[in-house]
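As structure tokens, the structure follows; a few thoughts come after it.
Note: hydrogens, waters and symmetry copies are ignored here, and every other heavy atom, side chains too, is used.
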Amino acid sequence: MNQFKSATLALMLVVSASLPTFAANSDYIITNDWPIQNAQNTLGIDGRLWVGNFGTNGGSLLSKSEVTSSDWFTLFSKFRPNTSFGLTGGLLDGLTLGEKQGVFSVGTGINYTDEGGVQGYTPDNATQFAGQDLYLFAINSAATSWNSTLLGSEHQVLLLRMSSGFGDGDPSTGLLAYDISGGVNEVVIGSGGATSVIAATVPEPATGSLLLLGVATALAFRRRKV
């Protein structure tokens, strides 16, 4: 009888250990009083506003200095999307009085024993955002999958590094405010002031990669001829 109880207890412990950890949520409020403007005219940009940061899962997030000094191809390829919203005329879809409220799923906290042991900079998987840096990435593509937004020749893009990062998922933290304004946040791609932010035209990463590949192939062919 005792052996049966022990076996049952062990099985229950194994099952409990294998249950998934529920993701934490963080309340947000995004203020979009001024339109995200097109670089070539005063019409607002249409497309999507992506929320996320940059780095590799199971590796490290790019630091602030790495993001601001990286080329656009690197940033596009290392973007980690959390969620996205539609943009119409430079304004977030579904705004109420210039604001949009909701919840970010920020995942579980990062284990301190991970690579480097630095909280927030060693994401194990694509769902971990708790306590990390937060960027707003506006692009004039309505595609809802980040990979498909890279198709095409060039895009109107705006990248803002927000002064407030992702919440830690603790309900007591309350709302985190993100103001779309170049006067409040750091503009990485584009330009901005206190009342407007201007997108920049950037080439699509795959196009740049193909150009670089073509140059490398031409050089290799030239060396072979020599």
Within-4.5 Å side-chain heavy-atom neighbours: [X] and [Y]:
X: P123; Y: L61; value: yes
X: L160; Y: E186; value: no
X: I180; Y: T31; value: no

[atom1]/[X] to [atom2]/[Y] distance, rounded to the nearest 0.5 angstrom?
X: N125; Y: T108; atom1: CG; atom2: OG1; value: 6.0 Å
X: N57; Y: T122; atom1: CG; atom2: OG1; value: 11.0 Å
X: Y178; Y: S164; atom1: OH; atom2: OG; value: 6.0 Å
X: R48; Y: L87; atom1: CZ; atom2: CG; value: 8.5 Å
X: L158; Y: I189; atom1: CG; atom2: CD1; value: 8.5 Å
X: N185; Y: S163; atom1: CG; atom2: OG; value: 4.5 Å

* Starting from the C-alpha separation in whole Å, work towards a yes-or-no answer on ring pair (Phe, Tyr, Trp, His ring centres under 6.0 Å) for F104 and F129. => CA-CA 9 Å; F104 291 139; F129 289 91; 8.8 Å; no
Assigning hydrophobic clusters by single linkage (Ile, Leu, Val, Met, Phe, Trp, Tyr; side-chain heavy-atom cutoff under 4.5 Å), is [X] placed with [Y]?
X: V197; Y: V51; result: yes
X: L134; Y: V184; result: no
X: W34; Y: L159; result: no

* Could you list the residues that satisfy salt bridge (Lys or Arg N to Asp or Glu O under 4.0 Å) with R161, not counting sequence neighbours? =>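 Residues passing salt bridge (Lys or Arg N to Asp or Glu O under 4.0 Å) with R161: D133.
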Please report the closest heavy-atom contact between [X] and [Y], naming both atoms and the distance.
X: F85; Y: L92; result: CB-CD2, 3.7 Å
X: G107; Y: A130; result: O-CB, 4.2 Å
X: G193; Y: S181; result: O-OG, 3.4 Å
X: A143; Y: S148; result: CB-OG, 3.1 Å

Ignoring hydrogens and geometry, is there a side-chain-to-backbone donor-acceptor pair from [X] to [Y] under 3.5 Å?
X: H155; Y: T149; answer: yes
X: N140; Y: Q156; answer: yes
X: R80; Y: Q128; answer: yes
X: S70; Y: E66; answer: yes
X: N25; Y: G169; answer: no
X: D179; Y: N32; answer: no

* Asked: Given N147 and S145, is the side chain to side chain donor-acceptor pair (under 3.5 Å) satisfied, shown in steps?
  -> CA-CA 6 Å; N147 288 335; S145 171; 4.9 Å; no
* To do: Test side chain to side chain contact (heavy atoms under 4.5 Å, CB included) on L175 and Q101 and set out the steps.
  => CA-CA 9 Å; L175 288 174; Q101 297 188 31; 4.1 Å; yes
* Derivation and outcome, side chain to side chain contact (heavy atoms under 4.5 Å, CB included), residues I139 and I45 -> CA-CA 8 Å; I139 183 170; I45 189 172; 6.0 Å; no
* Test side chain to side chain donor-acceptor pair (under 3.5 Å) applied to T88 - qualifying residues, sequence neighbours left out -> D93
* Count the heavy atoms of every other residue, nucleotide or ligand shown that sit under 6.0 Å from CG of L97, and state whether that count exceeds 12. => no
* Asked: With no hydrogens and no angle check, do the side chains of S105 and N82 hold a donor and an acceptor under 3.5 Å apart?
  -> no
* Walk me through it: do D71 and T74 pass the test side chain to side chain donor-acceptor pair (under 3.5 Å)? => CA-CA 6 Å; D71 61 86; T74 298; 2.9 Å; yes
* ring-ring contact (aromatic ring centres under 6.0 Å, His included) partners of F79, counting only residues at least two apart -> F54, F137, W146
* Report the C-alpha separation of I29 and L176 in whole Å, then their side-chain angles, then the decisive distance to 0.1 Å, and conclude whether the side chain to side chain contact (heavy atoms under 4.5 Å, CB included) test is met. => CA-CA 6 Å; I29 177 170; L176 290 181; over 6 Å; no
